[in-house]
Undergrad: 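Pasting in a structure now, in structure tokens, and then I'll have a few things to ask.
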Amino acid sequence: MRKSGSNFRTIWQKPDDRETVQIIDQRRLPHEYVVQDLRTWRDGAVAISDMLVRGAPLIGATAAWSLYLAALEGRNTSDQSAFVAEAAEALGATRPTAVNLRWAIGRMRSVIDSADRGLDLVSLLETEARDICDEDIEISRGIGEHGLKLIEQIAATKQGEPVNILTHCNAGSLATINYGTATAPVYFAHAKGINVHVWVDETRPRNQGSQLTAWELAENGVPHTLIVDNAGGHLMQHGLVDICITGTDRTTRTGDVANKIGTYLKALAAHDNNVPFYVALPSTTIDWTISDGLRDIPIEERDPEEVRSIYGRHGSELCSVDTVASTTNISNIAFDVTPARYVTGLITEHGICAASEEGLVSLFPSQAPRKE
Ligand code: MRU
């Protein structure tokens, strides 16, 4: 992640105190850059549920580091493994839609389960959490390299005019450890000198587009324009979008895609206007156990207060203001599912494939259903 010209990760161990994990409090961006200490697994759980960190891969990584913190705390209990297992249970319930949470906890638990008695659980979980983060960076790099080819193909038809990419929510560096998923191809194209321009959906109610994606694109020097969530269809009708690339929080083995609420409407508009609609995802976001996204993906409903109020700067003060009457009934559905038929392709670290079981299995053959 770029900040003031330097490269950072989104989660790391405090340099002079490896028993503290540090994150960026993403609720405060773009107005303030605040680093937050996580000292206990409960700090990690709150960081996930209150969205100091968010984005499927970073949620998984935060849960992994939280279990390392649980192992540290559990040293003083009669049963360290049981203490960590309880923390894993509670962390698993913090956010329901992003499957990376379950994946990362499962991976940490298998380390605990296979550890020989007497081995130092703290250092085993520390290594595993660090590996999860290192691997996530390599995965984003792979997504970037494969997605770059799509942008290059479009650029070849545009005689130097910008390639216009529309994205929704934040599937950027801030949602991962570095590079992002949907933004990785954009950063790779920009670094290669390709003229790119990003339409950034504001993404109400938490404004991950205006507060996070716009911020990180600016830090990377990528030209971009913020739009309200309802503008994408109009832009597509007028030929102003060459490609949509979004991220996902959970994708079924058949290619149905859960992502931030409003993604489905963008996919419908893209379909109606023959605009390619791609979803960028790490393999850790594929839920191989389910096949019907509408039926099987749990959709998170969040606090209505997120819709009622809006956070920002007023003069020199940062504050929230209510935008509706206190009596207004509010629903805050956080994700929707885009059926595979509206997804042109999936960009993964192994390559690009059709949004279908055959497509995904062609890139991840070990996941092919077993023949009896
Ligand atoms: O609620 P959030 O901010 O955690 O949701 C994240 C998203 O929906 C992003 O769009 C993203 O694509 C998934 S993470 C790369």
Side-chain angles (χ1 to χ4, degrees), residues 1 10-11 23-27 29 47-63 94-101 103-104 136-137 139-140 142-144 147 165-187 198 200-216 229 232 244-251 257-267 277-287 293 297-303 306-307 311 332-338 343 346-349:
M1 197 195 76
T10 52
I11 188 164
I23 55 164
I24 303 156
D25 184 348
Q26 298 192 17
R27 299 170 308 177
L29 289 170
I48 297 170
S49 58
D50 288 1
M51 292 178 70
L52 284 73
V53 290
R54 22 70 49 210
L58 181 57
I59 289 171
T62 306
T94 47
R95 290 204 67 193
T97 303
V99 76
N100 302 58
L101 179 65
W103 170 85
D136 189 70
I137 293 176
I139 286 173
S140 285
I143 292 170
I165 301 145
L166 184 140
T167 194
H168 190 68
C169 194
N170 174 265
S173 303
L174 287 164
T176 61
I177 309 302
N178 203 352
Y179 303 120
T181 56
T183 57
V186 178
Y187 291 142
V198 183
V200 179
D201 277 356
E202 187 180 28
T203 320
R204 280 282 289 148
R206 291 196 69 107
N207 296 319
Q208 290 96 328
S210 57
Q211 302 196 331
L212 304 178
T213 306
W215 178 80
E216 67 165 82
D229 289 328
C244 298
I245 311 180
T246 74
T248 167
D249 298 84
R250 190 186 297 227
T251 289
V257 167
N259 195 47
K260 184 54 55 190
I261 192 82
T263 303
Y264 170 54
L265 291 179
K266 296 298 133 62
F277 186 92
Y278 281 89
V279 175
L281 71 159
S283 51
T284 51
T285 302
I286 304 167
D287 187 341
I297 299 180
I299 298 293
E300 178 177 7
E301 287 198 42
R302 294 188 59 86
D303 188 343
E306 293 181 348
V307 178
Y311 166 79
N332 186 10
I333 299 161
F335 297 93
D336 61 24
V337 173
T338 299
V343 179
L346 301 172
I347 311 168
T348 78
E349 71 270 25

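Here the structure is a predicted model, which means the values were calculated and not measured. Atoms within each ligand, like the ligands themselves, are counted from 1 in listed order.
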Undergrad: Nearest to atom 3 (O) of ligand 1 by heavy atom, Arg302, Arg250, Arg54: which?
TA: Arg54
Undergrad: Is it true that Glu300 and Arg302 have a side-chain N and a carboxylate O under 4.0 angstrom from each other?
TA: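 The answer is yes: the pair qualifies as a salt bridge.
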Undergrad: Quick check on contacts: which atoms of ligand 1 are under 4.0 angstrom from a heavy atom of Ala171?
TA: 11 (C), 12 (O), 15 (C)
Undergrad: As an exercise, identify every atom of ligand 1 less than 4.0 angstrom from a heavy atom of Ala56.
TA: 14 (S)
Undergrad: Counting each atom of ligand 1 from 1 as listed, which ones have a heavy atom of Gly247 under 4.0 Å away?
TA: 12 (O)
Undergrad: Using non-hydrogen atoms of the residue, decide whether Arg95 is closer than 4.0 angstrom to ligand 1.
TA: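 Flag set, Arg95 near ligand 1.
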Undergrad: Only heavy atoms of Cys169, strictly under 4.0 Å: list the atoms of ligand 1 that pass.
TA: 6 (C), 7 (C), 8 (O), 9 (C), 10 (O)
Undergrad: Flag the pair Pro282 / Thr181 as yes when at least one side-chain heavy-atom distance between them is below 4.5 Å, and no otherwise.
TA: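 A side-chain contact under 4.5 Å exists here.
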Undergrad: Using the ring of Phe335 (Phe, Tyr or Trp, six-membered ring only), decide whether Lys260 places NZ or CZ under 6.0 Å from its centre and within 45 degrees of its axis.
TA: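 Checked: cation-pi criterion met.
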Undergrad: Any heavy atom of Met51 closer to ligand 1 than 4.0 angstrom?
TA: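 The answer is yes: ligand 1 sits under 4.0 Å from a heavy atom of Met51.
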Undergrad: Tell me the contacting part of Lys260 for ligand 1: side chain, backbone, both, or neither, using a 4.0 Å heavy-atom threshold, strictly below.
TA: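 Both of them.
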Undergrad: Does the side chain of Tyr311 pick up a donor-acceptor pair with the side chain of Glu306 at under 3.5 Å?
TA: no
Undergrad: Which atoms of ligand 1 are found less than 4.0 Å from any heavy atom of Phe335?
TA: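 This gives 1 (O), 5 (O), 8 (O) as the contact atoms.
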Undergrad: Regarding Asn259 and Thr248, do their side chains bring together a donor and an acceptor under 3.5 Å, going by distance alone?
TA: no
Undergrad: Under a plain distance cut-off of 3.5 Å, with no hydrogens placed, do Thr97 and Asp249 share a side-chain donor-acceptor pair?
TA: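 No, Thr97 and Asp249 have no side-chain donor paired with an acceptor closer than 3.5 Å.
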Undergrad: Pick one of side chain, backbone, both or neither for how Thr285 approaches ligand 1, counting any non-hydrogen atom pair under 4.0 Å.
TA: neither
Undergrad: May I ask you to list the atoms of ligand 1 that are less than 4.0 angstrom from any heavy atom of Gln208?
TA: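 It comes down to these atoms of ligand 1: 1 (O), 2 (P), 3 (O).
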Undergrad: Work out which heavy atom in Ala214 is nearest to a heavy atom in Val200; give both atom names and the distance.
TA: N-CG1, 4.2 Å
Undergrad: Around atom 6 (C) of ligand 1, find the nearest protein heavy atom and jot down its residue, atom name and distance.
TA: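 Nearest neighbour among protein heavy atoms for atom 6 (C) of ligand 1, to 0.1 Å: Asp249 OD2, 3.5 Å.
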Undergrad: Gln208 and Thr213: side-chain donor and acceptor closer than 3.5 Å?
TA: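 Distance-only check fails for Gln208 and Thr213.
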Undergrad: Spell out, as yes or no, whether a donor-acceptor pair under 3.5 Å connects the side chain of Arg250 to the backbone of Ala56.
TA: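 The answer is no, because no donor-acceptor pair under 3.5 Å joins these two groups.
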Undergrad: What's the shortest distance from atom 11 (C) of ligand 1 to any protein heavy atom, and which residue and atom give it?
TA: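 Checking every protein heavy atom, the shortest distance to atom 11 (C) of ligand 1 gives Asn259 OD1, 3.5 Å.
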Undergrad: Between Asn170 and ligand 1, which part of the residue brings a heavy atom under 4.0 Å of the ligand: side chain, backbone, both or neither?
TA: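 Contact part for Asn170 vs ligand 1: backbone (N, CA, C, O).
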Undergrad: Using atom types as modelled and distance alone, determine if a side-chain donor or acceptor of Glu216 lies under 3.5 Å from a backbone N or O of Met1.
TA: no
Undergrad: Who's the nearest protein heavy-atom neighbour of atom 15 (C) of ligand 1, and how far?
TA: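 Nearest protein contact, heavy atoms only, for atom 15 (C) of ligand 1 is Thr181 OG1, 3.5 Å.
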